[in-house]
S.K.: 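Got a structure here, written out as structure tokens. Questions coming.
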Amino acid sequence: MATAQDENQSENLARLKTLRDEIRVRIHLGTRDLKDEWDEIERELRTMGNQLQDLVSATEGKFDSLLGRLKRIHAGLKQSASTSEAGLVRDVMSKDVKSVRPSETLREAASRMWDADVGALPVIDDDHRVLGMITDRDACMAAYTQDRALSEIAVSSAMSQALYLCQAGDALDKAESIMAERQVRRLPVVDEEGRLVGIISLNDLARTAVAYTESNTRKQHEYDVAQTLAAVSKPHPQRIH
């Protein structure tokens, strides 16, 4: 059953249709000026519609661009938070690093290792750029294979020139990954110019894992260090007899 409101809306719609038809007839029969004005109104309406569509499209483009930027910032913040939680190399590295020059003897290198209670030294040039590493095992094997005294052997003839480095701003898990992949227990820490600024060892990572008080974080770090130690300790095929 139709209500009074429905009837009122029907009447209004009928009036609009009647007015539209009258306008069309009057324009058709009317003067040129009215026809021109009507055409102008229609053009303006179409222009307004097109401008509105362009505005919507432009707004969508700007929105997509802004959304993309926000997503990148969000991802960067998550990465930063993850790195901060995991710790950085600079937080645990040793800054008072003993080193040796390639022209010095293995006796001088061994003496420096003894005094510092370490098993390896970075080999640096005059600009403090890292050239390689020399270990106590390297010194021992050089003396054995060359059948000479340590004081007669230059560091350059025994050092390892395979460089595996990290930077102070690297996350600890990156240092762990390098140690595990390259099977080394120590990494020289260098600046952007390759100059020595510190050294980080597997022992440093182990002490860091123990220092964590939050149970889940500590367990994760202990597991990571254990995985790194297992990878570093894996025998080399050429050393198995």
S.K.: For residues Ala142 and Ala158, report the shortest heavy-atom separation together with the two atoms involved.
M.R.: CB-CB, 3.7 Å
S.K.: Looking at every heavy atom in both Val89 and Cys166, which two are closest together, and how far apart are they?
M.R.: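 Scanning both residues, the minimum pair turns out to be CG1-SG, 4.1 Å.
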S.K.: List, by chain and then residue number, the residues other than Met133 in its hydrophobic cluster (Ile/Leu/Val/Met/Phe/Trp/Tyr, side-chain heavy atoms under 4.5 Å); write none if there are no others.
M.R.: Val97, Ile124, Val130, Leu163, Leu165, Val190, Leu196, Ile199
S.K.: If you look only at pairs with a residue in residues 139-160, which of them pass as a salt bridge (charged side-chain N to carboxylate O under 4.0 Å, His left out), with sequence neighbours excluded?
M.R.: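 Of all non-adjacent pairs touching residues 139-160, none passes salt bridge (charged side-chain N to carboxylate O under 4.0 Å, His left out).
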S.K.: Report yes if the side chains of Val155 and Glu108 come closer than 4.5 Å at any heavy-atom pair, otherwise no.
M.R.: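 A side-chain contact under 4.5 Å is absent here.
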S.K.: Please identify each residue that fulfils side-chain contact (heavy atoms from CB on, under 4.5 Å) with Glu193, with sequence neighbours left out.
M.R.: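 Expected list: Arg129, Asp191, Arg195.
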S.K.: Examine Leu131 and Val184 and state if one hydrophobic cluster contains both, with Ile, Leu, Val, Met, Phe, Trp and Tyr joined whenever side-chain heavy atoms are less than 4.5 Å apart.
M.R.: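 Each belongs to a different hydrophobic cluster.
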S.K.: What distance do Thr135 atom OG1 and Arg185 atom CZ have between them, rounded to the nearest 0.5 Å?
M.R.: 11.5 Å
S.K.: Could you go through residues 109-122 and list every donor-acceptor pair under 3.5 Å that involves a side-chain atom there, pairing it with any protein atom two or more places apart or in another chain?
M.R.:
from, atom 1, to, atom 2, distance (Å)
Arg112, NH1, Ser99, O, 2.8
Arg112, NH1, Glu104, OE1, 3.2
Arg112, NH2, Glu104, OE2, 2.8

S.K.: Rounded at 0.5 Å granularity, tell me how far CD1 in Ile134 sits from OG in Ser157.
M.R.: 7.5 Å
S.K.: Would you say that Leu172 contacts Leu88 through its side chain, given a criterion of any heavy-atom pair below 4.5 Å between the two side chains?
M.R.: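 Heavy-atom side-chain distance check fails, nothing below 4.5 Å.
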S.K.: Looking at Leu187 and Ala175, what are the two nearest heavy atoms and their distance?
M.R.: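 Heavy atoms only, the tightest pair is CD1-O, 3.6 Å.
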S.K.: Say you draw a straight line from CD of Gln183 to CD1 of Ile178; how long is it, rounded to the nearest 0.5 Å?
M.R.: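 Those atoms lie 14.5 Å apart.
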S.K.: Applying side-chain contact (heavy atoms from CB on, under 4.5 Å), name anything that partners Ala168, two or more places apart in sequence or on another chain.
M.R.: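 Partners of Ala168 under the side-chain contact (heavy atoms from CB on, under 4.5 Å) test: Arg90, Met93, Val189.
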S.K.: Evaluate the side-chain proximity of Ser201 to Arg186: yes if any heavy-atom separation is below 4.5 Å, no if none is.
M.R.: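 In contact.
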S.K.: Checking Ser160 now: which residues fulfil side-chain contact (heavy atoms from CB on, under 4.5 Å) with it, not counting sequence neighbours?
M.R.: Ala162
S.K.: With sequence neighbours left out, what residues match Gln167 under side-chain hydrogen bond (donor to acceptor under 3.5 Å, both in side chains)?
M.R.: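 Scan of Gln167 (side-chain hydrogen bond (donor to acceptor under 3.5 Å, both in side chains), adjacent residues dropped) gives none.
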S.K.: Working to the nearest 0.5 Å, report the span between CG of Leu205 and CD of Glu176.
M.R.: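 So the gap between those two atoms works out to 5.0 Å.
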S.K.: Listed by chain and number, what are the side-chain contact (heavy atoms from CB on, under 4.5 Å) partners of Ser103, not counting sequence neighbours?
M.R.: Arg101
S.K.: Ignoring hydrogens, what is the shortest heavy-atom contact between Ser151 and Thr105? Give both atom names and the distance.
M.R.: O-CG2, 3.5 Å
